[in-house]
Amino acid sequence: MPVPIIIDCDPGHDDALAIMLAAADPAVDLLAITTVAGNQTLDKTTLNARRVCTLAGITGVPIAAGCDRPLVQPLAVADDVHGVSGLDGPRFAEPTVDTVDEHAVDLIHRILLAHPEPVTLVPTAPLTNIALLLTRYPDSASRIREIVLMGGSTGRGNRTPAAEFNICTDPEAADIVFRSGVPLTMCGLNVTHQALATPEIRARFEGLGTEIGLVCAELLAYFASTYQRLWGMPHPPLHDPVAVARVIDPTLVGVVDANVTVELHGRYTRGATVVDLHQYVGRPVNARVATTLDAERFWDRMVTAVATLGGRTA
Ligand code: BDR
Ligand code: CA
């Protein structure tokens, strides 16, 4: 039976491919797509989710917009990484897929209560919506099978030397989620940096000969240019689909049990995930932390998903 999931995202180049993977892979059943402010403002991330769904022919999956700013601090978008649109690079047609008229948090709550089995949440963005869900609707927790998120790092960050973007953008929300007691898997930079989109990977998408394959190649080419410019990395890491892949096939992403604490007060380290990989300091385990990725099988699954979505020939 496919695992029921909801993806909470801020598209975002890698979020776009995470949506495609979640919609196309038969191992998961995508119940909803919710959006949040992060890589860009909420109106832009929501428009981008609609663009991706229109391109990929994803209809019948509700899209709902959520929080337009972090819980405490002001929003600081990642336009240096994702551009002014949040999805710079390819040209997108006017979206025909629309949003539902319900706040993301209300939609997630309604689905959680209505679904016959517990649902897995896959946040690939700042955790504002998820934190609000857990605080506004405490009865949600028992209906969540697991939260498998992209965010954090066992080592260094990318938004600051210490902090990864999704956690750094809303540290208070992340703190609520990591302390919630809901089963949690963290796919941080240490594992997503094993999913490198090389030119050979781009060629595989292009080689599909479809419009969506071409758009994926263009998204990855834009992502490559920003990663080269900002961090001197020749190949960009495709962060967000790694969290989806962990749900699709847990053998793709290896994990270890650990305590993860979100740093809220550090002068230079606010938003960092402090990960006790060896259970040394004695704080209780509250997360599975992803450490390894079977990159070859990950990319096979990602390319197959995009091939499945098919669509118009390029
Ligand atoms: C995360 O930050 C965003 O820019 C990406 O979409 C990803 O979710 C990586 O740090
Ligand atoms: Ca994201």
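Both ligands and their constituent atoms are indexed starting at 1 by order of listing. In what follows, every heavy atom counts, from backbone to side chain, and hydrogens, waters and symmetry copies are set aside.
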Atom indices of ligand 1 within 4.0 angstrom of N158 heavy atoms, with elements
9 (C), 10 (O)

Counting from 1, what ligand 1 atoms have a heavy atom of E164 closer than 4.0 Å?
1 (C), 2 (O), 9 (C), 10 (O)

Does the plane of the ring in F223 sit parallel, tilted or perpendicular to the ring in H82? Use 30° and 60° as the thresholds.
tilted

In terms of the angle between their ring planes, are H239 and H193 parallel, tilted or perpendicular, with boundaries placed at 30° and 60°?
tilted

May I ask you to decide if S85's main-chain N or O and N48's side chain share a donor-acceptor pair within less than 3.5 Å?
yes

Return yes if some donor-acceptor pair links the side-chain N/O of N129 with the main-chain N/O of T35 below 3.5 Å, else return no.
yes

Applying a 4.0 Å heavy-atom criterion (strictly less than), which segment of [X] is in contact with ligand 1: side chain, backbone, both, or neither?
X: T124; result: backbone
X: H82; result: side chain
X: T192; result: neither

So with a 6.0 Å cut-off around CD of E117, is the heavy-atom count from everything else above 12?
yes

Side-chain donor-acceptor contact under 3.5 Å, D170 with T128:
yes

Students should be able to answer this: which protein heavy-atom is nearest to [atom], and at what distance?
atom: atom 2 (O) of ligand 1; answer: F165 CD2, 3.4 Å
atom: atom 8 (O) of ligand 1; answer: D240 OD1, 2.6 Å
atom: atom 3 (C) of ligand 1; answer: N39 OD1, 3.1 Å
atom: atom 6 (O) of ligand 1; answer: D14 OD1, 2.6 Å

Side chain proximity check, L189 to P237, heavy atoms < 4.5 angstrom
no

Under the criterion side-chain contact (heavy atoms from CB on, under 4.5 Å), I'd like the reasoning laid out for I144 against L134: C-alpha separation, chi angles, the key distance, then a yes or no.
CA-CA 10 Å; I144 300 171; L134 294 170; 3.9 Å; yes

Note on the Ca ion (ligand 2): protein N/O/S atoms within less than 3.0 Å are D10 OD1, D15 OD1, D15 OD2, T124 O, D240 OD2

Does the side-chain hydrogen bond (donor to acceptor under 3.5 Å, both in side chains) test come out yes or no for H13 and D240, once each step is laid out?
CA-CA 9 Å; H13 294 67; D240 294 338; over 6 Å; no

For the 3.5 Å polar cut-off, considering only N or O atoms, please tell me whether D15 and ligand 1 meet it.
yes

Does this structure show an ion pair linking D175 with R179, if we count only N-O contacts that are shorter than 4.0 Å?
yes

Test: R270 and E172 ion pair at under 4.0 Å
yes

